[in-house]
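Encoded as structure tokens, the structure appears first; notes follow it.
Below, chains carry the letters A, B, ... as their sequence lines are ordered, and counting in each starts from 1. A quick note: this is a predicted structure, and the numbers were derived from the prediction, not measured.
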Amino acid sequence: MSNFPSDKPVLITCGLPYANGKCHIGHLRTYVPADIFVRSLRKQGQEAAFVCGSDAHGTPIVVNAEEQKITPSELVNKYHQHFEKIFKAMEVEFSIFGNTDSPTNHARTNSIVEALINGGYVYPQVIRLAYCPHDERFLPDRYVEGICPYCGKVARGDECDQGCGKHLEPGEIKSAKCRICGNPAEYREQEHFFFKLSAFGDYLSDYLKTLGGTSNAINYAKVWAKELKDWCITRNLEWGVRFPGHDDLVVYVWVDAPIGYISFTEEWANKTGGDWEKYWRRDSRIIHFIGEDITYHHCIFWPAMLKGAGYTQPWAVVASGMLKIDDKKFSKSRGFVVWVDEDYLDHGFHPDLLRYYIANYTSHTKELNFSWKVFQDKVNNELVGALGNFLHRTQHFTHKNFGAVPEGRIDDEILEKIKSTIDTVICAFDEYEFKKATDAMMELAQFGNAYFQSHEPWALIKKDKEACARVVKNCLQIGKALVLLFEPILPGNMEKAWKQLGLPGDVHSARFENALTEFPSMELSAPEILFTKIEDKKIKEMEAILDKRIKIAMSKEKKHTEETKEEKTEITYEEFQKLDIRIGKVLSAENIKGSDKLLKLEVDIGEKRQIVAGIAKSHAAADLVGRQVVVMANMKPAKLFGVESRGMVLAADGEETVLLMPAKEVKEGTRVR
RNA sequence: AGCGGGGUAGGGUAGUCAGGAUAUCCCGACGGGCUCAUAACCCGUAGAUCAAUGGUUCGAAUCCAUUCCCCGCUACCA
């Protein structure tokens, strides 16, 4: 049983692209399936609004704009236009593509924040914040660098990015430094505002039971809903939406960004004479398509905000799995990235090919691996060999032998097959299973090829033209069904195919069920080829581009680490004396499970110490027992692989890690200087 | 070790939530066929102890328990 069409208004949104970088295939991982979904709804007779827009605020945009010496607004506009252009080229057709810096969004954000304040969900609290005395400013989020209070690693202000990955609330970071001038920051007290997320625990637990969408999103959220911390929702920035009544504060970007979904709906409704409130104030079906990295914001923070302000909460959250390039984690700086413009569209690839790849490679919630070789295989075998070839051979044969679509009825067997394919496809779309849907479509194309083959119309035409006409008519019917079914995935080529077959009306607004109504008898022209094979040469060329980028990135990274290594400053004798270096004797040594580098040692340095050393590759555990080593005794204790290490065994760290040892046996605990 | 994702034929991948009879699809290998079609297409064969062990069950890839192995946790990010 399908969820659609529904008598409730349906709104689809996509996670907003952040306007500080170019569009890559990772983005499309979310936007293309969302577009396919919307098209499939229309094919089921379901009207749906489809909104998205640029996320314009937040610290990274300000930092980035400062680096480029342009205004944040100029930076945002640049990328806003870029994304708009790419979406159009990729046939991702939003009802509206807005911008969170629009007056509508400022106004809507204000009104929602005020509603939250009036509802008692926002409270002020004085917190200690990093402040740069040199630049005379508070340092929000990424303006500050320091030490994570949880794991002790270098982190940026809003997140422990290099260590434990925890979200950091403003003021939590230790030993803060200003990212602009590099000077140490002071802490100053300032009043900020917090959203009482903790008050929504029970509500969210209940809400998540009814929330639709994909399990990867909802299961995570259920765990998070159990422990909720209030969120600081104000920042010391110029760029953003002003916090009501406080000219020196803007709201946190994760407040005004999702509100964009509402304000874009408003803008679209105003333009088309629609009513935005039917989506956001009354019973509706709001479906958010997102990347799984922003699940927390969409399943926890956002519904709580909507609930608190009296708006309709999402009906479903559909989270796509992440993207890999050649089986490697997607990474711009490491070169594992495929840009949609310069690496794809500019090379003349049709958007439909990539749309098919994204929809068909794997299930929507799993990791999608992009490789040019697989891309070529899928295009050549599936789009060209199965689908393109069937449409072409059918139309070509009919045109050549009949010149028109023959009269006659469609066999029940064929109609049954088409009907069951439509059912499977609709069912799959209902579950956001785009691979299942496209597999079912492709299966119909293969059925068509097999039908054509086994009924041998080329032989029938010579002896029984009537029987031949029946076969041809059936094939044309399958062809028509295929064009309708594939339209959400391959809108450009299916439009072409629809016109080529001479079918009446617009393929985009035609419904799936139209596939069961008889192919009208009329003149039929010769077909043009829809999909062409991709040559090996082209794929090699594309792979070379990717390889080159990875190599450049690798050499850059190497340079960078070498540079930081060379940066050794001179120290005084006093500073050296702080180091407690001693001779110790290894009492026992064993490998640590799960690590190929680490050994757990017990060392006597005048006292017994457990030390973890990364020397397993060059020293066997058994060989070490009884030997003397050099130990840094006053190292801050650390946990490696869950094993505590109190001290550090010194070694020459070249290509091989070689332990230092005293030239002669000395007493355990002897100081080194 | 923790957190997350995985382990299904030579490669990739579906099925796992809601257990059911010959385990899906694409490529590759092998054999055959067809000739309308973009050297496309169709049919067939071989190839998987569904990571392992134990349990629940009439029945387990699927549920439960334990173990092993692989990947990510360095930013930018959907």
Whether each nucleotide of nucleotides 23-37 of chain B has a protein heavy atom under 4.0 Å at its base (B), only at its sugar-phosphate (S) or at neither (-) is summarised, 5' to 3', as ---SS-----BSSBB

Identify every side-chain donor-acceptor pair in residues 433-440 of chain A under 3.5 Å, counting partners at least two apart or on other chains, and give the distances.
unit_1   : atom_1 : unit_2   : atom_2 : d
A/Lys435 : NZ     : A/Asn360 : O      : 3.0
A/Lys435 : NZ     : A/Asp439 : OD2    : 3.3
A/Thr438 : OG1    : A/Asn360 : ND2    : 2.9
A/Thr438 : OG1    : A/Phe434 : O      : 2.9
A/Thr438 : OG1    : A/Lys435 : O      : 3.1
A/Asp439 : OD1    : A/Asn360 : ND2    : 3.0

Run the ring pair (Phe, Tyr, Trp, His ring centres under 6.0 Å) test against A/His82 and tell me which residues pass, sequence neighbours left out. none

Residues at least two apart in sequence or cross-chain that pass ring pair (Phe, Tyr, Trp, His ring centres under 6.0 Å) with A/Phe264, listed by chain then number, are none

Per the salt bridge (charged side-chain N to carboxylate O under 4.0 Å, His left out) rule, what does the pair list look like for residues 360-387 of chain A, sequence neighbours excluded? A/Lys324-A/Glu367, A/Lys373-A/Asp377, A/Lys378-A/Glu382

Can you sort out the partners of A/Arg549 under side chain to side chain contact (heavy atoms under 4.5 Å, CB included), two or more places apart, ordered by chain and number? A/Val337, A/Trp339, A/Glu342, A/Asp343, A/Ile545

Collect all protein-nucleotide pairs involving nucleotides 43-46 of chain B in which both atoms are nitrogen or oxygen and the distance is under 3.5 Å.
none

With sequence neighbours excluded, what pairs up with A/Ala404 under the side chain to side chain contact (heavy atoms under 4.5 Å, CB included) test? none

Would you write out the dot-bracket form of RNA chain B, 5' to 3', with Watson-Crick and G-U pairs under 3.5 Å, [ ] for crossing pairs, | for pairs to other strands and . for unpaired bases? .(((((((.[[[..)....(....]]].(((((.......))))).....[[[[[..)....]]]]])))))).....

Across all chains, not counting sequence neighbours, the side chain to side chain contact (heavy atoms under 4.5 Å, CB included) partners of A/Ile550 are A/Phe336, A/Leu546, A/Met554

Test salt bridge (Lys or Arg N to Asp or Glu O under 4.0 Å) applied to A/Glu443 - qualifying residues, sequence neighbours left out: A/Lys417

Using the ring pair (Phe, Tyr, Trp, His ring centres under 6.0 Å) criterion, which residues pair with A/Phe87? Sequence neighbours excluded. A/Tyr31, A/Phe83, A/Phe94, A/Phe97

I'd like the P distance from B/C17 over to B/A78, given in whole Å. 33 Å

